[in-house]
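When a ligand or atom number is given, it counts from 1 through the structure's own listing order.
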Amino acid sequence: MKGIKFIGTGSYLPEKTISNDDLSKIMDTNDEWIRQRTGIGQRRMAIEEGCVDLATKAAISALENAKLKPEDIDVLIVATCTPDNYCPSVACMVQEKLLAVNAVAFDISAACTGFIFALKTAESLLKSSEYKNALVIGSEVMTKLINFENRNTAVLFGDGAGAAVISKNDFENGIKDIYIKTDGSGAGLITMPALGSIKDANFEDKEFTYVSDNTRDIFMEGREVFKFATTIMVSMVKDILEKHNLDISDIKYVVPHQANIRIIDYAAKKLKVSSDVFYTNMEEYANTSAASIPIALHEMNAKGLLSKGDNIILLGFGGGLTFGSALITW
Ligand code: COA
């Protein structure tokens, strides 16, 4: 049985940094509140770049790291909830920019769990076909949807992209398991209605005068999402450990979606493990939704934190509600 393994990682973060102090100049917030409640210190903001630009740059970085050419890619999936357009997909535009001429390319929408959903889809395609290499990207331009008058969510998000190349071969190590799930009963807990096609075009009268509106926003029931995130993180770790007959001490790192340091500290406490086992970088980049896990993974890879044989768990959760985990032996 052939294994499927990560053979390269990459990321791209836009240059512009927005600190908590910068935000406090345009809304009623402050660095102390944001750091204490979330662990976030700053975020990146794409100014003249879009989701496709970020995704393409992260993809180039991952391909270089994997030592593959764009034409070696058979499957190209972009996880995003902030696409530049509904049609064409971000993935098709990245395919064109990279000249990944042999790939089949499409997007996946699963909010902050998008990367895990895309990874599962890519893995399934590799397993079930002649495809050999997949490029899986998480790319988000959250700041383009933020309403900077809504301090409840404006302080939480940032822009960025992360990517990974996975490949099928006679590998012993690699992806051991990926689990994904959804719970639509919580669909109203996190919403980004601005781009939704459900919203009627805003015409004021029979003369079809268009009224520009300011509905771009991210709405979140923060406390409910907090409860969901802590509960699901703990149960996902316990479930995947039990299924593979492992103990938390067998895991070198848990790489969680980078939403909030308090969620992670809570999960670590419940799992009776040091918070250091959870890799975090939300202080620098805030919550980059589907991009946060691959950005973290690339950072860890680039820092040399991952050695052959290390067991790691990826953990995603977010709007939908969506959630998922992956067990990987590096
Ligand atoms: N700056 C300053 N004050 C703020 C603020 C901000 N950016 N946002 C909210 N506040 C205020 C509120 O207005 C409220 O004031 P009040 O007590 O006078 O009414 C107070 O802070 C507490 O607000 P609350 O929403 O209850 O705070 P909280 O402790 O629940 O923290 C979150 C808010 C969003 C940080 C927290 O709920 C959270 O992290 N939830 C999960 C979010 C998440 O991870 N989402 C992504 C999932 S993918």
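- With a 4.0 Å heavy-atom cut-off, ligand 1 is reached by no atom of Ile34.
- Atom 1 (N) of ligand 1 has Thr29 OG1, 2.6 Å as its closest protein atom, hydrogens excluded (heavy atom only).
- Geometrically, ligand 1 and Val225 share no nitrogen or oxygen pair separated by less than 3.5 Å.
- Checking Gln42 against Asn20 by side-chain atom types alone, no donor-acceptor pair falls below 3.5 Å.
- A donor and an acceptor atom, one from each side chain of Asn169 and Ser167, are nowhere located under 3.5 Å apart.
- When hydrogens are left out, the protein atom nearest atom 26 (O) of ligand 1 is Arg223 NH2, 2.7 Å; that is the closest non-hydrogen contact.
- Listed by number with element, the atoms of ligand 1 under 4.0 angstrom from any heavy atom of Arg262 are 29 (O), 31 (O), 36 (C).
- Counting the atoms of ligand 1 from 1 in the order shown, those under 4.0 Å from a heavy atom of Val155 are 7 (N).
- Evaluated by nearest non-hydrogen atom to atom 28 (P) of ligand 1, the leading choice among Met282, His257, Arg37 is Arg37.
- Protein heavy atom nearest atom 21 (O) of ligand 1, with residue, atom name and distance: Trp33 NE1, 3.2 Å.
- With hydrogens and angles disregarded, a donor-acceptor distance shorter than 3.5 Å links the side chain of Asp53 to the backbone of Gly50.
- Residue contacts with ligand 1 for Met27 are absent, since no atom lies close enough (heavy atoms, distance under 4.0 Å).
- Here the options are Thr329, Val277, Leu306, the test is side chain to side chain contact (heavy atoms under 4.5 Å, CB included), and the partner is Ile312; only Leu306 passes.
- Taking 4.0 Å as the cut-off between side-chain N and carboxylate O, Arg43 and Asp159 do not count as a salt-bridged pair.
- A salt bridge between Glu283 and Arg35 is present, with a side-chain N of the basic residue lying under 4.0 Å from a carboxylate O of the acidic one.
- No hydrogens or angles considered: a donor-acceptor pair under 3.5 Å links the side chains of Asn287 and His257.
- With respect to Glu123 and Lys127, a salt bridge is recorded, a charged nitrogen being found less than 4.0 Å from a carboxylate O.
- Side-chain contact of Lys252 with Tyr279: a donor-acceptor pair under 3.5 Å is absent, judged by distance alone.
- For ligand 1 and Phe317, the ligand atoms under 4.0 Å from any heavy atom of the residue are 48 (S).
- A donor atom on one side chain and an acceptor atom on the other are not found under 3.5 Å apart for Gln258 and Ser292.
- Which parts of ligand 1 touch Asn152 is read off a 4.0 Å heavy-atom cut-off, strictly below it: atoms 8 (N), 9 (C).
- The presence of a protein heavy atom under 4.0 Å from atom 16 (P) of ligand 1 is ruled out.
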I would like to know whether Asp217 and Ile146 meet side chain to side chain contact (heavy atoms under 4.5 Å, CB included); could you show each step before the answer? CA-CA 5 Å; Asp217 207 341; Ile146 283 173; over 6 Å; no

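- In terms of protein heavy-atom proximity, atom 39 (O) of ligand 1 is closest to Asn260 ND2, 2.5 Å.
- Every atom of ligand 1 is numbered from 1 in the order shown, and the set under 4.0 Å from a heavy atom of Gly318 is 48 (S).
- Ranking the protein heavy atoms by distance from atom 40 (N) of ligand 1 puts Gly222 O, 2.9 Å first.
- What sits closest to atom 35 (C) of ligand 1 on the protein, heavy atoms only, is Thr38 CG2, 3.8 Å.
- Under the 4.0 angstrom criterion, atom 42 (C) of ligand 1 counts as having a protein heavy-atom contact.
- Each of Thr80, Val94, Val141 was scored for a side chain to side chain contact (heavy atoms under 4.5 Å, CB included) with Val52, with one residue passing: Val94.
- Of the protein's non-hydrogen atoms, the one nearest atom 34 (C) of ligand 1 is Leu156 CD1, 4.2 Å.
- The atoms of ligand 1 that sit less than 4.0 Å from any heavy atom of Asn287 are 46 (C).
- Partner of Lys57 under the salt bridge (Lys or Arg N to Asp or Glu O under 4.0 Å) criterion, out of Glu15, Glu49, Glu64: Glu49 alone.
- With hydrophobic clusters built from ILVMFWY side chains whose heavy atoms lie under 4.5 angstrom apart, Leu241 does not share a cluster with Ile178.
- For atom 45 (N) of ligand 1, a protein heavy-atom neighbour is found at a distance under 4.0 Å.
- No side-chain N or O of Ser19 forms a donor-acceptor pair with one of Asp21 less than 3.5 Å apart.
- The proximity of Ile263 to ligand 1, defined as any non-hydrogen pair under 4.0 Å, is limited to the side chain.
- The protein heavy atom nearest to atom 11 (C) of ligand 1 is Arg151 NH2, 3.5 Å.
- Atom 7 (N) of ligand 1 is flagged as protein-proximal [any protein heavy atom, distance under 4.0 Å].
- Shown here, atom 13 (O) of ligand 1 is in close reach of the protein: a heavy atom of it lies under 4.0 Å off.
- For ligand 1, the atoms lying closer than 4.0 Å to a non-hydrogen atom of Cys112 are 48 (S).
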